Undergrad: 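Take this structure, written in C-alpha cells, and hold onto it; I'll ask about it next.
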Amino acid sequence: MLGVLALVLAGVAIVGGLYLSADIVPPASERNFSVERRDSCGVIRYGESTLRHSRNGLWEMFLKGDADERGDAFGAMADSLIDHQERIFIRQIREIVPDEHYLRFLNVLTQVFNRHITRHIPEEYCREIARMSEHCSHEYDFIGTPYLRQLNYHAAHDIGHAMQDYMLVGCTGLAVWGESSEEGMIVGRNFDFWVGDEFASNRLLTFCRPERGYGFVSVGWPGMVGVLSGMNERGLTITLHAAKGELPLQSATPVSVLAREILQYASSVEEAVKIASRRKLFVSECFFRNKVKDCYHCRNILRTIQRTQIEQRRLLYKKLKEDKNYSDVHFDKKTGGLMAIHKDHNFDPRKGWYEKEVQKAGYDTGHCVILEPEDHTQYKVKNVEGLQFEIAGAETGTPSNIRNALKHCARKLADIAVVYFPN
C-alpha cells in the first residue's frame, strides 16, 4: 500500500514539476494602438485593418502591419467572434468530458504536453497570438490564460488530425488536372474538422498584408492565426490533409503555423519544402501544394493561353488592318503571330533592314511584333521599337559590341532587349 502511495506521489510530483517548467509567457509589448470604430456600412475599422460581414455569409478580414499590429487588430475587431468560437468549442469539450475535476486534470496534462510549444512557433506568430489574446475573455481562465488557450487551440487542431487513424477527422480534398481539366489544375478542399453547425457559422476569410513577406489569403475561423487553406500573392497555394502517423508524445510546431509560414515566406514549391524541412511537426500531414507559375508547364494551360492570345491578336489584326496608318499587317491564325509597321516608324537608312528581319523572325515564331511610330525630331526623346522592346545590332558579335547593344536598349528604358547578329 505504501509502495502504491509512493508511486502516486512521485507521479504527482513529476507532473507538477513539468507543469511548473512551462515557459509560456506572452511576449511583452508597450505599444499603443488604434481605437476600434464602425462606419455607416457596418465595416469595423482598426487602424488600416478592417472586418466586415459580406453578402455571401462570410466574414472578411483585412489585416495589415507587423505582428503586434495584426494581432491587436484581429483581437479588437473580432473579439465577439473569437469569444463565440471559444464558447462553442469549450461547450463541446464539456459534452465529451462532463466531469469538472477530470476536465481540470486534462487541462493540466495539456499544459504539461504543450509546455514548450512556444519554442516551436516563430516569435512573429507568438507575438501576433499574444496581442490577439489580450482581447479574449477571462471567463475560461480555469483552462489557462487567454494566450495559453489560443496556443493550445492551434495544437488542438493537430490533435484532431492525429486521430486520423481512428477515423475521427479527415478533411476531404479534390484535385483535377491533365486531360480532366481544360483550366489546368483545380484544387478544392472541404473542412471536415467538425465541431458542430454553430462552430462553422462564422467562417472567416482573411486577407493579410504583413510587413515582411508576401501577402496572402486564407480560410479559417475567428482566432485562427495559422493557415488551413490559403494562397499567397505569388500564386502558391496550400491545403492541409491529415496523414497516417504515430500519436505525438510531445509538442512541436502546429501544422497550421507551418502552413502560415510557408504562405508568408515562400514563392515556390522548392522554397516551401525548404521552410518545412526546418520545422519539427506535431503530426504527420499531407500538404497539397500548387504553384500558379509552375502551371505554365502544363500543356492544358498552354493551350488555354494560346487560344486566348490568338483571339486577342485576331481582333487587334482587324483593327490594324482598318487603320490607314499601318502597313504590312499580317496575322497567322495558327501561331497567333502578328506584325505591322506604322507609317511614322523611323527606319535607319543603313540598318533599318535589321528591324524587318527581327520582326519577321518574331512573327514566324508566333509573337506580336508591331513597329510603332517614332519621333527623332526632339533631343533625348526615348524611342522604343514596337511594344516594350528595342532592337540593336551587334555586327561583329564581340563582347564589346554586345555590351554596347545592351546599353543602347537600356537607355531606351525597354523591357526586352533584342540583339541582332546580322552575320
Side-chain angles (χ1 to χ4, degrees), residues 18-33 46-47 49 61 63-79 82 85-86 89 107 110-138 140-141 143-159 204 206 208-216 218 220-228 230 240 248 250-266 275-276 278-283 285:
L18 293 173
Y19 179 82
L20 294 174
S21 70
D23 56 3
I24 302 177
V25 179
S29 176
E30 299 178 355
R31 296 167 58 183
N32 295 318
F33 297 97
Y46 194 83
S49 300
M61 177 180 286
L63 292 175
K64 185 177 182 180
D66 60 22
D68 288 327
E69 291 169 326
R70 297 193 306 265
D72 197 58
F74 197 151
M77 295 189 299
D79 55 349
I82 296 172
Q85 296 298 121
E86 188 168 25
F89 186 69
N107 172 47
T110 301
Q111 293 196 41
V112 169
F113 188 87
N114 290 330
R115 66 190 184 280
H116 298 314
I117 192 171
T118 54
R119 299 180 185 179
H120 303 284
I121 299 177
E123 183 184 359
E124 176 182 3
Y125 305 136
C126 285
R127 297 190 71 87
E128 190 169 345
I129 293 171
R131 298 290 80 77
M132 179 189 69
S133 67
E134 290 175 0
H135 300 270
C136 293
S137 170
H138 289 281
Y140 313 106
D141 282 2
I143 296 177
T145 65
Y147 177 56
L148 175 60
R149 297 200 310 267
Q150 293 302 324
L151 289 173
N152 285 337
Y153 294 154
H154 281 75
H157 169 264
D158 285 31
I159 292 174
L204 180 65
T206 302
C208 185
R209 173 60 66 183
E211 186 180 54
R212 296 185 301 116
Y214 303 111
F216 63 89
S218 67
W221 51 78
M224 174 59 75
V225 169
V227 166
L228 309 175
L240 304 182
Q250 60 181 344
S251 64
T253 304
V255 70
S256 63
V257 172
L258 173 60
R260 161 71 184 270
E261 187 178 12
I262 288 173
L263 275 195
Q264 186 173 341
Y265 292 105
I275 291 172
R278 297 200 301 259
R279 300 292 176 191
K280 179 182 178 182
L281 283 184
F282 189 79
V283 290
E285 199 79 11

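Just so we're clear, the structure is a prediction, and the values are computed from it rather than from any experiment.
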Undergrad: Rounded to the nearest 0.5 Å, what separation is found between the CG atom of Leu258 and the OH atom of Tyr125?
TA: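 Separation between the atoms: 9.5 Å.
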
Undergrad: Let me confirm one number: the CZ-CZ distance from Arg70 to Arg131, rounded to the nearest 0.5 Å.
TA: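 It comes to 12.5 Å.
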
Undergrad: So, taking the atom named OG1 in Thr145 and the one named CG in Leu151, what distance separates them when rounded to the nearest 0.5 Å?
TA: 8.0 Å

Undergrad: Less than 4.0 angstrom from a charged side-chain N to a carboxylate O is my criterion; do Arg127 and Glu124 meet it?
TA: no

Undergrad: If we ignore hydrogens and angles and just use 3.5 Å, is the side chain of Ser133 paired with the main-chain N or O of Cys136 as donor and acceptor?
TA: no

Undergrad: Measure the spacing between CG of Asp66 and CD of Glu69 and express it to the nearest 0.5 Å.
TA: 4.0 Å

Undergrad: For residues Tyr153 and Glu86, is any side-chain donor paired with an opposing acceptor at under 3.5 Å?
TA: yes

Undergrad: Nearest 0.5 Å please: distance from the CZ atom of Arg260 over to the CD atom of Glu128.
TA: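 Going from CZ on Arg260 over to CD on Glu128, the span is 4.5 Å.
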
Undergrad: Counting N and O atoms only, with roles assigned by atom type, does the side chain of His154 sit under 3.5 Å from a partner on the main chain of Ser256, one being a donor and the other an acceptor?
TA: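 No; judged by distance alone, with no hydrogens or angles, the pair does not exist.
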
Undergrad: So, are Arg149 and Asp141 salt-bridged, with charged N and O less than 4.0 Å apart?
TA: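 Asp141 and Arg149: salt-bridged.
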
Undergrad: Is Gln85 reaching over with its side chain to a backbone N or O of Ile82, donor-acceptor style, under 3.5 angstrom?
TA: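 Side chain of Gln85 to backbone of Ile82, a donor-acceptor pair under 3.5 Å: no, none is there.
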
Undergrad: Side chains of Pro146 and His138: does their closest heavy-atom pair fall under 4.5 Å?
TA: yes

Undergrad: Provide the closest heavy-atom pair for Gly223 versus Met132 in the form atom of the first, atom of the second, distance.
TA: O-CE, 3.4 Å

Undergrad: side-chain contact (heavy atoms from CB on, under 4.5 Å) for Phe74 and Ser49? Distances and angles first, verdict last.
TA: CA-CA 8 Å; Phe74 197 151; Ser49 300; over 6 Å; no

Undergrad: Does a side-chain heavy-atom distance below 4.5 Å link Arg212 with Tyr265?
TA: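 Contact flag for Arg212/Tyr265 side chains = yes.
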
Undergrad: CG of Leu63 to CG of Asp72: how many Å apart, nearest 0.5 Å?
TA: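 With rounding to 0.5 Å, CG (Leu63) is 11.0 Å from CG (Asp72).
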
Undergrad: Considering only heavy atoms from C-beta outward, does the side chain of Leu263 approach that of Tyr214 to under 4.5 Å?
TA: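 The answer is no; the side chains never approach within 4.5 Å.
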
Undergrad: Decide yes or no on side-chain contact (heavy atoms from CB on, under 4.5 Å) for Met224 and Leu204, but give the supporting numbers first.
TA: CA-CA 9 Å; Met224 174 59 75; Leu204 180 65; over 6 Å; no

